[in-house]
Protein chains: 2
Amino acid sequence: MSEIEQQLAEFNIRPTAMRMLVYQFIEQQQKAVSLSVIEDYFDKADRTTLYRTIKTFEEKAVVHQIDDGTGVAKYALCEPGCGCDIGLDLHLHFHCTHCNDTTCLTDHKIPKIKVPAGYIAENINLVVKGICDLCNRT
Amino acid sequence: MSEIEQQLAEFNIRPTAMRMLVYQFIEQQQKAVSLSVIEDYFDKADRTTLYRTIKTFEEKAVVHQIDDGTGVAKYALCEPGCGCDIGLDLHLHFHCTHCNDTTCLTDHKIPKIKVPAGYIAENINLVVKGICDLCNRT
DNA sequence: ACCAAAATGCACTAGTGTTGCAGCGATAAT
DNA sequence: ATTATCGCTGCAACACTAGTGCATTTTGGT
Ligand SMILES: [Mn+2]
Ligand SMILES: [Mn+2]
Ligand SMILES: [Zn+2]
Ligand SMILES: [Zn+2]
């Protein structure tokens with residue numbers, strides 16, 4: 001039983017070949033990936049399967065969706081304590097307007113936000129846009 | 001010379017009939033509006049014209065775009081000092097998961113966010129999701 | 001081996017955002 | 001007043017993402 005097979009089992013996901021490959025691919029990335037990026041990488045695989053694989057991962061809190069404002073959803077692995085399993089994605093995300101990459105700033109938590117009286121805050125999406133350190137160096 | 005005509009003139013926007021109507025419509029709303037909402041309201045008007053009208057408004061900082069995570073862009077009038085003219089939209093936005101409305105919380109400014117060394121923050125998008133006061137009351 | 005449930009592949013649909021181009025109207029120069 | 005110019009409008013078309021229905025294959029359990 002492989003490493004990845006075990007990971008998926010812990011999330012109650014049946015470890016099919018495709019799922020293991022997709023999991024591995026996302027795991028290797030240093031940045032959040034969009035569905036089209038995954039499609040390009042697995043060019044032999046069917047779009048729908050990849051789509052539903054991601055949806056399954058999302059439901060089971062293997063990955064979390066990131067909306068960086070570019071109009072396409074991106075995904076990254078959840079980390080222990082990331083809060084995705086209880087519907088809270090507490091860390092902030094950085095979108096580089098230069099290289100277009102989006103990264104999780106896992107250890108930069110979202111500060112306490114005040115909302116007006118009568119409003120109930122349930123979740124917060126915070127995306128910082130700018131230049132990432134890689135683009136900054138060059 | 002009408003009120004609205006004057007407003008547009010201040011932004012260096014030629015006050016066509018359509019533009020004045022769209023401006024008036026957005027002004028009347030208490031919430032951010034999507035393009036499709038505008039299309040539904042002006043059902044006789046052409047989609048493209050409305051699209052380009054909004055784009056013009058956005059360029060001239062008459063309105064600012066709001067990405068509330070629903071996948072469709074919404075727009076609301078800029079207010080004096082909202083920072084949209086210099087590319088900074090500093091206040092936070094609230095998206096109600098019950099009524100699906102998105103509102104500007106104009107006087108709730110975004111707190112100072114720290115980013116890792118090497119990163120340059122240029123703009124911040126902060127959307128709070130939850131229940132708005134109207135939905136909360138009922 | 002067999003069965004039921006789950007996963008996959010294919011085709012197709014919907015919605016948003018965007019562009020090219022031709023016509024029309026307001027504006028400005030002659 | 002006539003004309004040339006420019007910007008706005010309307011129509012058509014396209015790109016892309018997201019999502020669904022259904023038939024077929026694969027999987028895991030008995
Ligand atoms: Mn993240
Ligand atoms: Mn706003
Ligand atoms: Zn970058
Ligand atoms: Zn509401």
Side-chain angles (χ1 to χ4, degrees), chain A residues 1-2 4-25 32-60 62-76 95 100 102, chain B residues 1-2 4-5 8-9 11-26 32-60 62-76 95 100 102:
Chain A
M1 196 171 186
S2 79
I4 297 171
E5 214 169 334
Q6 236 171 330
Q7 303 265 21
L8 293 181
E10 284 172 25
F11 289 102
N12 287 317
I13 296 173
R14 297 165 78 156
T16 68
M18 202 67 246
R19 283 170 176 174
M20 290 194 282
L21 287 171
V22 173
Y23 183 90
Q24 192 176 35
F25 176 69
V33 290
S34 67
L35 188 57
S36 64
V37 167
I38 301 175
E39 283 173 40
D40 289 348
Y41 185 77
F42 298 103
D43 56 343
K44 302 157 293 189
D46 186 70
R47 235 176 46 80
T48 316
T49 304
L50 296 172
Y51 169 75
R52 285 196 259 239
T53 297
I54 286 289
K55 281 293 158 193
T56 301
F57 284 1
E58 205 187 343
E59 279 165 23
K60 305 283 184 170
V62 174
V63 300
H64 59 280
Q65 195 187 62
I66 303 159
D67 175 25
D68 60 10
T70 56
V72 305
K74 293 177 182 172
Y75 304 88
H95 175 243
N100 202 36
T102 298
Chain B
M1 194 172 188
S2 79
I4 297 172
E5 215 170 333
L8 293 181
F11 288 102
N12 288 316
I13 296 174
R14 300 166 76 154
T16 68
M18 202 68 245
R19 284 170 176 174
M20 289 195 282
L21 288 171
V22 172
Y23 183 90
Q24 192 176 35
F25 176 69
I26 299 177
V33 289
S34 66
L35 187 57
S36 65
V37 167
I38 300 175
E39 284 174 39
D40 290 346
Y41 185 77
F42 298 104
D43 57 343
K44 301 155 295 191
D46 186 71
R47 238 169 52 83
T48 317
T49 305
L50 297 172
Y51 169 76
R52 285 198 258 240
T53 298
I54 286 289
K55 280 292 159 193
T56 302
F57 284 1
E58 205 186 344
E59 279 167 23
K60 307 281 185 172
V62 174
V63 300
H64 59 280
Q65 195 186 62
I66 302 158
D67 175 24
D68 60 9
T70 58
V72 303
K74 293 179 182 172
Y75 303 88
H95 175 244
N100 202 35
T102 298

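In what follows, every chain begins at residue 1, and chains take the letters A, B, ... in the order their sequences are listed. When reading the values below, keep in mind they use all heavy atoms of this one structure, side chains included, and skip hydrogens, waters and symmetry mates.
Taking atom CD of residue B:Glu5 and atom P of nucleotide C:dA26, one finds them 13 Å apart after rounding to whole Å. Atom CD1 of B:Ile13 and atom P of D:dG7 are 15 Å apart (whole Å). For the pair A:Asp46 CG and D:dT20 P, the interatomic distance rounds to 16 Å; values are reported in whole Å. Atom CG in A:Asn12 sits about 16 Å away from atom C1' in C:dA5, given to the nearest Å. Taking atom NZ on B:Lys60 and atom C1' on D:dC8, their separation rounds to 14 Å, with Å as the unit. What separates NZ of A:Lys44 from P of C:dG9 is a distance of 12 Å, to the nearest Å. When the C1' atom of D:dC16 is taken as reference, atom CG of A:Asn100 falls 15 Å away, rounded to whole Å. Taking atom CZ of residue B:Phe42 and atom P of nucleotide D:dT9, one finds them 12 Å apart after rounding to whole Å.
Contact between the side-chain N/O atoms of A:Tyr51 and the OP1/OP2 oxygens of D:dG19 is found at a separation under 4.0 Å. At least one side-chain nitrogen or oxygen of A:Thr16 sits closer than 4.0 Å to the OP1 or OP2 atom of C:dT8. Residue A:Lys55 places at least one side-chain N or O under 4.0 Å from the OP1 or OP2 atom of D:dG19. Phosphate proximity of C:dT16 to B:Ser36: present, with a side-chain N or O under 4.0 Å from OP1 or OP2. One finds no side-chain N or O of A:Thr49 lying less than 4.0 angstrom from the OP1 or OP2 phosphate oxygen of C:dA7.
For the pair A:Phe42 and A:Met18, the minimum side-chain heavy-atom distance is below 4.5 Å. Between B:Thr56 and B:Phe11, every side-chain heavy-atom pair lies at or beyond the 4.5 Å cut-off.
Counting any heavy atom pair closer than 4.0 Å across all strands shown, A:Ser34 reaches no nucleic acid atom.
Between the side chain of B:Thr48 and the base of D:dC11, a donor-acceptor pair under 3.5 Å is found. At a cut-off of 3.5 angstrom, counting only N and O atoms as typed in the model, there is a donor on one side and an acceptor on the other between the side-chain of B:Arg47 and the base of C:dT18. Not a single donor-acceptor pair, N or O on each side, falls under 3.5 Å between the base of D:dG7 and the side chain of B:Arg19. For A:Arg52 against C:dG9, a side-chain-to-base donor-acceptor contact under 3.5 Å is present.
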Report task. Report the C-alpha distance between A:Phe57 and A:Tyr75 in whole Å, list the side-chain angles of each, state the deciding distance to 0.1 Å, and finish with yes or no for ring pair (Phe, Tyr, Trp, His ring centres under 6.0 Å). Result -> CA-CA 10 Å; A:Phe57 284 1; A:Tyr75 304 88; 9.7 Å; no

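DNA chain D is contacted by both A:Ala17 and A:Gln65; A:Gln65 maps to the nucleotide lying nearer its 5′ end (nearest heavy atom per residue).
In the set C:dT18, C:dG9, D:dT9, D:dT9 carries the atom at the smallest distance from any side-chain atom of B:Met18. Checked against C:dT19, D:dT9, C:dT16, the side chain of B:Val72 finds its nearest nucleotide in C:dT16. Of the candidate nucleotides C:dG9, C:dA7, D:dC8, C:dA7 has the atom nearest to the side chain of A:Arg14. Checked against D:dA18, C:dG17, D:dC8, the side chain of B:Ala73 finds its nearest nucleotide in C:dG17.
Considering OG1 of B:Thr53 and CD1 of B:Ile26, their distance stands at 9.0 Å, rounded to 0.5 Å. Between the CD atom in B:Glu39 and the CZ atom in B:Arg47 there is a gap of 5.0 Å [rounded to 0.5 Å].
A donor-acceptor pair under 3.5 Å links the side-chain atoms of A:Arg19 to the main chain of A:Arg14, judged by distance alone.
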